[in-house]
Amino acid sequence: MSVRKAVIPAAGLGTRFLPATLALPKELLPLDRKPAIHWVVEEAVASGVETVILVLARGKEALLHYFMGNPSLKGRKLDSRLARWTEEVAQLRSRVELVAVYQEEALGLGHAVLQARSVVGDDPCAVLLPDDHFLPSPLPALVRGHDERGMGGLALRKVSPAEVSRYGIVSVKKADAPHFILDAAVEKPSLESAPSDLAIMGRYVLPRGFMRRLADGRPGALGEIQITDSLHAEAMEHGLYGYQFTGTFLDLGTWEGYLEANARVAGSTPDLAARLSNALANPPGPMPAA
Ligand code: UTP
């Protein structure tokens, strides 16, 4: 069976975007006009996904409202350049079944994914983290890897020695770059103990039956369930496919990365690029303290 379901975890606290995330889900912050949540749903659908399960936290319902359209706009004459955006969202919405589940406490990524178990069942599923933006998407390669090899798959990226201890890092059994067969995964290793410099990025294909493995996983000291532990068990038992991503990676998970991502995207649009370089050459000076 191919990959027809995708889980999008969006129940995190978003502390790196405080104070905006006191009221605003960070997954609604836009990259080049469209919110991060739009990009990942679109990416999933483009890879053949028919059902998207959004994992929400209380107070983050605006993520669902985004896809429902705004009744206050009904009957209003919008400039066609603006109407285009609401049409684009409605069109995306019409191409996918959206299901929301709740994660009542932010107990980690594995725990968030596990909340989708009642919808995913034993089926294979994709997982997309809205924080990570890839150009182009590595998901089609992961789906192909799954269908051809019968394995779960992970998007991988070579990271610098300074970054190794911030990511899940994989151990490689067989390499034919960009394709790898993995036999272990370790969460945030020290540089000395890291099995490679290939980090797990925010696109996964979880194989059939993986939810059972996640549910059986032992929670950490704070009750959190790390997905890397279950990926490790899967890699040891059945192997995992790794696809090394070498395109453009934009990190929307930190404030600095978010600003940089928007600047890079704006910089690739000719009229915005000129405006942006002019703006950068004319800073307003330090912002006054509140
Ligand atoms: P992050 O760790 O980057 O998001 O998780 P966060 O926890 O919201 O961020 P900070 O560290 O507080 O700034 C990546 C994705 O996984 C989701 C997040 O919403 C984000 O989309 N997530 C994370 C959950 O759904 N539940 C969790 O318990 C943790």
Side-chain angles (χ1 to χ4, degrees), residues 5-31 34-44 52-67 98-120 125-134 137-139 154-155 157 159 163 165-168 187-188 199-206 211 214-215 217-231 249-261:
K5 297 177 183 172
V7 179
I8 299 185
L13 300 172
T15 53
R16 283 171 288 182
F17 284 83
L18 281 169
T21 44
L22 286 172
L24 175 78
K26 74 166 174 188
E27 297 81 2
L28 278 179
L29 292 170
L31 169 70
K34 292 193 280 190
I37 193 74
H38 186 121
W39 286 110
V40 275
V41 172
E42 196 169 48
E43 183 182 336
V52 165
I53 303 120
L54 289 180
V55 185
L56 300 180
R58 190 189 167 96
K60 297 186 84 172
E61 291 77 11
L63 287 165
L64 267 187
H65 299 165
Y66 174 78
F67 291 100
L98 267 187
V99 181
V101 299
Y102 275 86
Q103 183 190 29
E104 291 188 6
E105 249 187 293
L107 290 175
L109 187 55
H111 185 263
V113 171
L114 192 53
Q115 306 314 302
R117 187 181 187 183
S118 60
V119 188
V120 172
C125 72
V127 175
L128 298 91
L129 305 189
D131 278 1
D132 287 358
H133 191 83
F134 301 89
S137 167
L139 197 55
L154 306 176
R157 189 170 65 92
V159 292
E163 287 177 301
S165 58
R166 285 178 26 208
Y167 288 96
E187 182 65 10
K188 301 190 174 80
I200 304 174
M201 306 309 291
R203 298 293 181 274
Y204 312 69
V205 166
L206 305 180
M211 287 288 177
L214 256 184
R218 221 160 359 110
L222 302 171
E224 79 283 13
I225 299 181
Q226 294 302 342
I227 199 166
T228 311
D229 297 341
S230 302
L231 291 172
F249 170 68
L250 303 175
D251 178 8
L252 308 181
T254 65
W255 178 237
E256 298 76 10
Y258 174 77
L259 287 180
E260 190 183 320

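One-based numbering along the sequence shown. Small disclaimer: the values here were computed from a predicted structure and weren't measured. Whatever order the structure lists them in is the order used to number ligands and atoms, beginning at 1.
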For this session: Would you mind running through ligand 1 and noting each atom that sits below 4.0 Å from a heavy atom of A106?
Result: 28 (O)
Problem set entry | Under 4.0 Å to a heavy atom of L107 - the qualifying atoms of ligand 1, by number | 28 (O)
Problem set entry | Ligand-residue contact atoms, ligand 1 with P130, heavy atoms, under 4.0 Å | 21 (O)
Seminar exercise, completed: atom 27 (C) of ligand 1 has as its nearest protein heavy atom Q103 OE1, 3.5 Å
For this session: Give yes if a backbone or side-chain nitrogen or oxygen of G108 is under 3.5 Å from a nitrogen or oxygen of ligand 1, and no if not.
Result: yes
Problem set entry | Sub-4.5 Å side-chain heavy-atom contact between R203 and V40 | yes
Exercise. Is there side-chain contact between P35 and L29, with heavy atoms separated by less than 4.5 Å?
Worked result: no
Seminar exercise, completed: dist E260:CD -> D251:CG (nearest 0.5 Å) comes out at 8.5 Å
Problem set entry | A126: partners by side-chain contact (heavy atoms from CB on, under 4.5 Å), with sequence neighbours left out | V3, A6, L128, L139
Exercise. Does the N or O separation between L13 and ligand 1 drop below 3.5 Å for any pair?
Worked result: yes
For this session: Quick one: look up the protein heavy atom nearest atom 15 (C) of ligand 1 and list residue, atom name and how far away it is.
Result: P9 O, 4.0 Å
Exercise. Who's the nearest protein heavy-atom neighbour of atom 22 (N) of ligand 1, and how far?
Worked result: G12 N, 3.6 Å
Seminar exercise, completed: In this structure, atom 25 (O) of ligand 1 is nearest to the protein heavy atom A11 N, 2.8 Å
Exercise. Nearest to atom 9 (O) of ligand 1, what protein heavy atom do you find, and at what distance?
Worked result: K26 NZ, 3.3 Å
Exercise. Would you say L214 and I225 make side-chain contact, with heavy atoms under 4.5 Å?
Worked result: yes
Exercise. Are any of the side-chain heavy atoms of M201 and F249 separated by less than 4.5 Å?
Worked result: yes
Seminar exercise, completed: On a heavy-atom basis, the closest approach of A215 and R117 is CB-NH1, 3.3 Å
Problem set entry | Between E61 and Y66: side-chain donor-acceptor atoms closer than 3.5 Å | no
Exercise. Counting from 1, what ligand 1 atoms have a heavy atom of T15 closer than 4.0 Å?
Worked result: 10 (P), 11 (O), 12 (O), 13 (O)
Exercise. Which of the atoms in ligand 1, numbered in the order shown and given with their element, are less than 4.0 Å from a heavy-atom of A112?
Worked result: 24 (C), 25 (O), 26 (N)
Seminar exercise, completed: Residue, atom and distance of the protein heavy atom nearest atom 2 (O) of ligand 1 read R16 NH2, 3.9 Å
Problem set entry | Heavy atom of the protein closest to atom 14 (C) of ligand 1 (residue, atom name, distance) | D131 OD2, 3.7 Å
Problem set entry | side-chain contact (heavy atoms from CB on, under 4.5 Å) against K188, all qualifying residues, sequence neighbours excluded | none
Exercise. Tell me, which protein residue and heavy-atom name are nearest atom 8 (O) of ligand 1, and how many Å apart are they?
Worked result: G14 N, 2.8 Å
